[in-house]
Amino acid sequence: MQVQVAVIGGGACSGEVEALAEEVGAELARRGAVLVCGGLGGVMAGACRGAKRAGGTTVGILPGYQRAAANPWVDIAVPTGLGHGRNILVVASGDAVIALAGEHGTASEIHLARVLGRPVVACRAWEGVSDIAHAATPREAVARALALVKGGLDA
């Protein structure tokens with residue numbers, strides 16, 4: 001079974017953060033992992049765009065009921081109608097989680113991932129959050145996340 005990595009971060013973010021997300025998505029695809037995210041804009045769109053550019057597969061777990069709400073780089077759109085409640089589905093769908101800059105929704109996903117025992121690697125963000133790994137670059141974030149997955153691509 002392919003490793004799935006959830007990429008989380010703000011739906012509204014700076015161009016720099018979206019570019020980091022794009023690099024994370026591309027690196028995940030190059031390493032053979034499926035990218036899972038919330039399926040909308042910002043970090044989610046950047047990560048999906050990068051993964052698609054590198055030939056990867058993307059899954060968007062959407063807050064609403066319309067598949068058409070997904071960003072154009074989502075291969076598999078899963079409408080939930082759960083609003084922010086879908087955050088638990090995003091992190092539960094990942095064997096590991098990579099967190100970029102975001103706000104309260106991203107913070108909730110980090111904490112839900114920890115409750116579920118999913119390893120979390122933050123890339124240039126969330127320095128004040130304990131019990132997660134940190135990475136300075138997208139490549140390092142992906143390598144650390146995959147190494148933390150038991151039986152994963154790097155194990």
Side-chain angles (χ1 to χ4, degrees), residues 2-54 56-63 70-71 73-74 80 82-155:
Q2 274 184 289
V3 170
Q4 296 182 175
V5 176
V7 176
I8 60 173
C13 63
S14 70
E16 178 184 342
V17 172
E18 194 166 330
L20 281 174
E22 192 166 342
E23 290 179 49
V24 166
E27 186 66 18
L28 285 169
R30 284 191 288 271
R31 304 285 295 268
V34 173
L35 184 147
V36 179
C37 69
L40 299 177
V43 164
M44 299 166 278
C48 287
R49 186 171 47 250
K52 292 312 301 170
R53 186 185 70 229
T57 300
T58 61
V59 178
I61 312 285
L62 303 170
N71 72 60
W73 302 280
V74 168
T80 67
L82 295 173
H84 290 291
R86 67 77 150 89
N87 290 358
I88 195 155
L89 300 176
V90 172
V91 297
S93 296
D95 299 304
V97 176
I98 296 176
L100 286 92
E103 294 187 20
H104 299 295
T106 308
S108 75
E109 288 171 316
I110 290 169
H111 295 293
L112 287 166
R114 299 309 302 141
V115 167
L116 296 175
R118 301 300 195 269
V120 178
V121 179
C123 184
R124 296 190 198 173
W126 306 103
E127 287 84 9
V129 177
S130 61
D131 201 25
I132 64 173
H134 294 274
T137 67
R139 176 177 266 173
E140 179 187 358
V142 170
R144 291 193 78 179
L146 295 176
L148 290 168
V149 173
K150 288 185 168 97
L153 299 177
D154 284 356

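Taking each heavy atom of Ala54 and Ala26 in turn, the nearest pair found is CB-O, 3.6 Å. Counting all heavy atoms, side chain and backbone alike, Pro138 lies closest to Val24 at CB-CG2, 3.6 Å. Pairing each heavy atom of Ala141 with each of Cys123, the nearest pair is CB-CB, 4.0 Å. Here the closest non-hydrogen pair linking Val90 and Ala6 is O-CB, 3.6 Å. Closest approach of Ala96 to Ala145, counting heavy atoms only: CB-O, 3.8 Å.
In this structure, the separation between CG on Leu28 and CD on Glu23 is 12.0 Å, given to the nearest 0.5 Å. Between atom CH2 of residue Trp73 and atom CE of residue Met44 there is a gap of 12.0 Å, rounded to the nearest 0.5 Å. One distance of note links CD1 of Ile132 with CZ of Arg114; it measures 8.5 Å at 0.5 Å rounding.
Every residue meeting the salt bridge (charged side-chain N to carboxylate O under 4.0 Å, His left out) condition with Glu18, not counting sequence neighbours, appears here in chain and number order: Arg49. The side chain to side chain contact (heavy atoms under 4.5 Å, CB included) test applied to Ala12 returns no partner, not counting sequence neighbours. Remark: Leu89 engages Ile61, Thr80, Leu82 in a side chain to side chain contact (heavy atoms under 4.5 Å, CB included) (not counting sequence neighbours). Judged as a side chain to side chain contact (heavy atoms under 4.5 Å, CB included), and not counting sequence neighbours, the contacts of Glu16 are Ser14, Arg124. Scanning for side-chain hydrogen bond (donor to acceptor under 3.5 Å, both in side chains) contacts around Arg139 gives an empty result, with sequence neighbours left out. Applying the side chain to side chain contact (heavy atoms under 4.5 Å, CB included) rule to Ala70 yields the partners Leu62, Val74, Ala77; only residues at least two apart in sequence or on another chain are considered.
Listed for the Arg144 side chain is a donor-acceptor partner under 3.5 Å among the backbone atoms of His134. The closest donor-acceptor contact from the side chain of Arg118 to the backbone of Ala92 lies under 3.5 Å.
Screening residues 82-97 for salt bridge (Lys or Arg N to Asp or Glu O under 4.0 Å) gives no qualifying pairs among residues at least two apart or on separate chains.
Val59 places none of its side-chain heavy atoms less than 4.5 Å from the side chain of Leu35. Put simply, the side chain of Val17 reaches to within 4.5 Å of the side chain of Val43, judged on heavy atoms. The shortest distance between side-chain heavy atoms of Leu40 and Asn71 does not fall below 4.5 Å. Contact of the Val97 side chain with the Val5 side chain is not registered, since no non-hydrogen atoms from C-beta on lie closer than 4.5 Å. You'll find the side chain of Ile98 reaches within 4.5 Å of the side chain of Val142, heavy atoms only.
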Side-chain donor-acceptor contacts of residues 99-110 below 3.5 Å, not counting sequence neighbours, with atom names and distances?
residue: Ser108; atom: OG; partner: Asn87; partner atom: ND2; Å: 3.0
residue: Ser108; atom: OG; partner: Gly105; partner atom: O; Å: 2.7

Practice task
Take Val7 and Val36 through the side chain to side chain contact (heavy atoms under 4.5 Å, CB included) test and state the conclusion after the steps.
Solution key: CA-CA 6 Å; Val7 176; Val36 179; over 6 Å; no
Exercise for the section: For side chain to side chain contact (heavy atoms under 4.5 Å, CB included), just list the numbers for Val3 and Val34, CA-CA rounded to whole Å, side-chain angles, deciding distance to a tenth of an Å, and then say yes or no. Expected result: CA-CA 6 Å; Val3 170; Val34 173; over 6 Å; no
